[in-house]
Amino acid sequence: MLTISYIRDNRETILKGLKIKNFETPELIDQIIDMDNERRSLQVKTNELQAKMNRLSKEIGGLFKSGEKEKANQVKEQTSAIKQELETLEQDLQQANSQVTELLVQVPNIPHPSVPAGKSDADNKEIRQGGVIPQLAEGSMPHWELAKKYNLIDFELGVKITGGGFPVFRGQGARLQRALISWFLDQNIKAGYEEILPPLMVNEASGFGTGQLPDKEGQMYHVTGNNLYLIPTAEVPVTNIYRDVILNAEDLPVKNTAYTPCFRREAGSYGKDVRGLNRVHQFDKVEIVHIEHPSRSYEALEEMVSHVEQLIIKLGLPYRIVELCGGDLSFTSALTYDFEVYSAAQDKWLEVSSVSNFESYQANRLKLRFREPGEKRPLLAHTLNGSSLALPRIMAALLENRQTPEGIVIPEVLYPYMGPGNKMIS
RNA sequence: GGAGAGAUGCCGGAGUGGUCGAACGGGGCGGUCUCGAAAACCGUUGUGCUCCUUGCGGGCACCGGGGGUUCGAAUCCCUUUCUCUCCGCCA
């Protein structure tokens, strides 16, 4: 969330930014500012009274010590009225505080100045394209048919043991999945990321820290018996490692990568797009997370973009990178680049990665800060993350684009992970 | 699952009702000494909110979380989470 002091000092900038994001409720901002003014005046009153109370208590203590019991009791009598007044004041203050936060979490992040205005993904700005769209031979199939033909993924079996959207990978399909995960991780480690294998369930505080709670509660699977949530992305547990942490400036940047399964309820998604691997409830993903100095976070974003781009290039997939317009930008992001790969048999661009700079929006929720030499107080760090990469659609595109009448041709970079003699699935 | 113990500052660890925001030790930072370093010595060392006369200024809050008792709580009571030990179960 945005800091209250930033809102107080930058009302106009914020309203302008929110407009780009199609978040047109200036009343909310003014409501926050009003509420905060009230909160502060309550705080002043409360603090003054508390100070008075502290003085009296000290006085009573001193009187008792020196044996002046009667005098002490006299002072004591004064306190009861103050105490009552304090009680209501403290309650009001507490309420004001939680009201301010309640409003504050409703305000999305402010887009970076470069973010184009727009309503939907149709208004996103294409940055560049790469790779070659393959010409498929006669009789080529979409990935769900290929998966069946070569016994790589069994969607019906997943329905039996769990439900729709929980595919079962098997044989060379499972092997290819594992190969991709290992290769992604190895590439990330080579690029300086520390590998993390985090818990797959998180508590409420973590869900709040990265912004899934309270707004997107319905997107996560909730384990009610223990009040835990299945992670929708590794971003949640990994970023929360740094919740309530004050780093030293020389610790920055922090670069973490993690492979995890991801669980998403995808409530409200029906229809054509859910076919095969296009949208599932459980999927594998390798994630990269940066914690950066504010002055460097946009360089880091570019760095992450070219890293992810290299992965896609090495897999030989046709791709494009788009900068999300204001309307398509997520609640917490200031700037996001989406990566899409072209899946030839479906004749469709599939999103496989989303790389975002959250600036200090998450960090403020997380209380993730760093000590800047010469600064009296710790400053909020910037957080960024991206997929490198989301497996299902990569798998879909690989199967579809690399199919031949003889079988599916494995990308060369995966040979070492596929075992000897496995240059093709047939 | 049963029984018990505990949670204090960057770390260790004291503190069982009144100058305790917190002893002591370690670490960090600054300094003295030194050609330099070590040692020794001296000083300093949390976070948040807030006010104004924006000052090496003041107030308030914070000793796992929440609530209570009291003029006054790190200290007493309740509750919750977590950690540790023993027993049971178990990959």
Side-chain angles (χ1 to χ4, degrees), chain A residues 1-9 32-105 197-209 213 222-229 237 240-252 254 360 363-381:
Chain A
M1 60 193 177
L2 301 175
T3 64
I4 184 69
S5 55
Y6 182 79
I7 292 183
R8 231 185 274 155
D9 300 341
I32 290 172
I33 293 172
D34 290 347
M35 198 64 227
D36 179 55
N37 284 334
E38 194 182 323
R39 181 199 123 243
R40 281 189 292 163
S41 82
L42 273 170
Q43 166 136 11
V44 173
K45 277 188 219 158
T46 310
N47 285 174
E48 276 169 3
L49 216 55
Q50 282 170 328
K52 195 169 174 188
M53 199 67 177
N54 287 343
R55 272 198 307 274
L56 288 176
S57 293
K58 235 170 226 177
E59 200 181 322
I60 293 169
L63 288 173
F64 271 123
K65 222 173 217 172
S66 58
E68 299 172 77
K69 258 196 171 159
E70 275 178 35
K71 220 169 171 184
N73 281 322
Q74 268 173 24
V75 181
K76 230 171 164 177
E77 273 167 38
Q78 288 179 48
T79 58
S80 67
I82 302 175
K83 210 181 162 189
Q84 269 189 3
E85 200 182 337
L86 244 183
E87 210 167 302
T88 50
L89 267 177
E90 278 174 346
Q91 265 173 26
D92 291 351
L93 179 62
Q94 209 175 11
Q95 208 185 343
N97 270 323
S98 53
Q99 265 169 24
V100 170
T101 337
E102 204 178 294
L103 294 172
L104 223 43
V105 298
L197 191 59
L200 304 182
M201 292 191 226
V202 295
N203 57 28
E204 271 184 85
S206 295
F208 179 82
L213 295 175
H222 189 190
V223 182
T224 51
N226 301 281
N227 197 25
L228 296 172
Y229 294 88
N240 271 284
I241 293 173
Y242 306 96
R243 169 154 50 85
D244 291 319
V245 166
I246 301 176
L247 297 162
N248 293 314
E250 64 262 29
D251 296 334
L252 300 174
V254 171
S360 60
N364 187 35
R365 284 185 164 219
L366 291 160
K367 304 249 176 310
L368 162 50
R369 292 165 293 173
F370 70 100
R371 252 179 243 289
E372 177 82 323
E375 287 285 338
K376 205 172 171 187
R377 294 168 173 237
L379 306 175
L380 291 172

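Order of the sequence lines fixes the chain letters, A, B, ..., with proteins taken first and strands second; residue numbering starts at 1 for each chain. If you're wondering where the values come from, they're calculated on a predicted model, not measured in any experiment.
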With heavy atoms under 4.0 Å as the rule, sort A:L56 into base, sugar-phosphate or nothing.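 Contact class for A:L56: none.
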
So what does A:E90 touch, heavy atoms closer than 4.0 Å: a base, only the sugar-phosphate, or nothing?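 Contact class for A:E90: none.
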
Mind checking the [atom1]-[atom2] spacing from [X] to [Y]? Nearest 0.5 Å is all I need.
{"X": "A:L368", "Y": "A:N240", "atom1": "CG", "atom2": "CG", "value": "10.0 Å"}
{"X": "A:R39", "Y": "A:L93", "atom1": "CZ", "atom2": "CG", "value": "7.5 Å"}
{"X": "A:K45", "Y": "A:D92", "atom1": "NZ", "atom2": "CG", "value": "9.0 Å"}

Paired with [N]: which nucleotide, if any, by Watson-Crick or G-U wobble criteria at under 3.5 Å for both distances?
{"N": "B:rG6", "result": "B:rC82"}
{"N": "B:rG48", "result": "B:rC60"}
{"N": "B:rU53", "result": "none"}
{"N": "B:rA91", "result": "none"}
{"N": "B:rA14", "result": "none"}
{"N": "B:rU69", "result": "none"}
{"N": "B:rU32", "result": "B:rA40"}

Under 3.5 Å, which N/O atoms of the protein pair with N/O atoms of nucleotides 72-75 of chain B?
{"from": "B:rG72", "atom 1": "OP2", "to": "A:K83", "atom 2": "NZ", "distance (Å)": "3.4"}
{"from": "B:rG72", "atom 1": "O4'", "to": "A:S57", "atom 2": "OG", "distance (Å)": "3.3"}

Hydrogens and angles aside, do [X] and [Y] bring a side-chain donor and acceptor to less than 3.5 Å of each other?
{"X": "A:N54", "Y": "A:S57", "answer": "no"}
{"X": "A:N97", "Y": "A:Q94", "answer": "no"}
{"X": "A:Q99", "Y": "A:E38", "answer": "no"}

Round to a whole Å and report the spacing from CD1 of A:I60 to P of B:rG17.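 Answer to the nearest Å: 19 Å.
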
So which nucleotide from [options] ends up closest to the side chain of [X]?
{"X": "A:P378", "options": "B:rG48, B:rU50, B:rG18", "answer": "B:rG48"}
{"X": "A:V44", "options": "B:rC51, B:rG18, B:rU47", "answer": "B:rC51"}
{"X": "A:Q94", "options": "B:rG67, B:rC71, B:rU47", "answer": "B:rG67"}

Where do N or O atoms of nucleotides 59-63 of chain B meet protein N or O atoms at under 3.5 Å, pair by pair?
{"from": "B:rG59", "atom 1": "N2", "to": "A:N47", "atom 2": "OD1", "distance (Å)": "2.9"}
{"from": "B:rC60", "atom 1": "OP1", "to": "A:N54", "atom 2": "ND2", "distance (Å)": "3.3"}
{"from": "B:rC60", "atom 1": "O2'", "to": "A:N47", "atom 2": "ND2", "distance (Å)": "3.0"}
{"from": "B:rC60", "atom 1": "O2'", "to": "A:Q50", "atom 2": "OE1", "distance (Å)": "2.5"}

In whole Å, measure the gap between the [atom1] atoms of [N] and [M] for me.
{"N": "B:rA22", "M": "B:rU45", "atom1": "C1'", "value": "14 Å"}
{"N": "B:rU50", "M": "B:rC42", "atom1": "C1'", "value": "35 Å"}
{"N": "B:rA14", "M": "B:rA74", "atom1": "C1'", "value": "12 Å"}
{"N": "B:rG1", "M": "B:rG72", "atom1": "C1'", "value": "43 Å"}

Whether A:R40 contacts B:rC51 is assessed here as follows: a side-chain N or O lying under 4.0 Å from the phosphate OP1 or OP2. Is that the case?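 Yes, because at least one side-chain N or O of A:R40 sits under 4.0 Å from OP1 or OP2 of B:rC51.
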
OP1 or OP2 of B:rU50 sitting under 4.0 Å from any side-chain N/O of A:R39?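 Yes, A:R39 has a side-chain N/O under 4.0 Å of OP1/OP2 on B:rU50.
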
Taking atom [atom1] of [X] as the centre, does the number of heavy atoms from other residues, nucleotides or ligands within less than 6.0 Å exceed 12?
{"X": "A:Q84", "atom1": "CD", "answer": "no"}
{"X": "A:E68", "atom1": "CD", "answer": "yes"}
{"X": "A:M53", "atom1": "CE", "answer": "yes"}

If every non-hydrogen atom of A:L366 is compared with every non-hydrogen atom of A:G209, which pair is closest and at what distance?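 Minimum heavy-atom contact is CG-O, 3.5 Å.
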
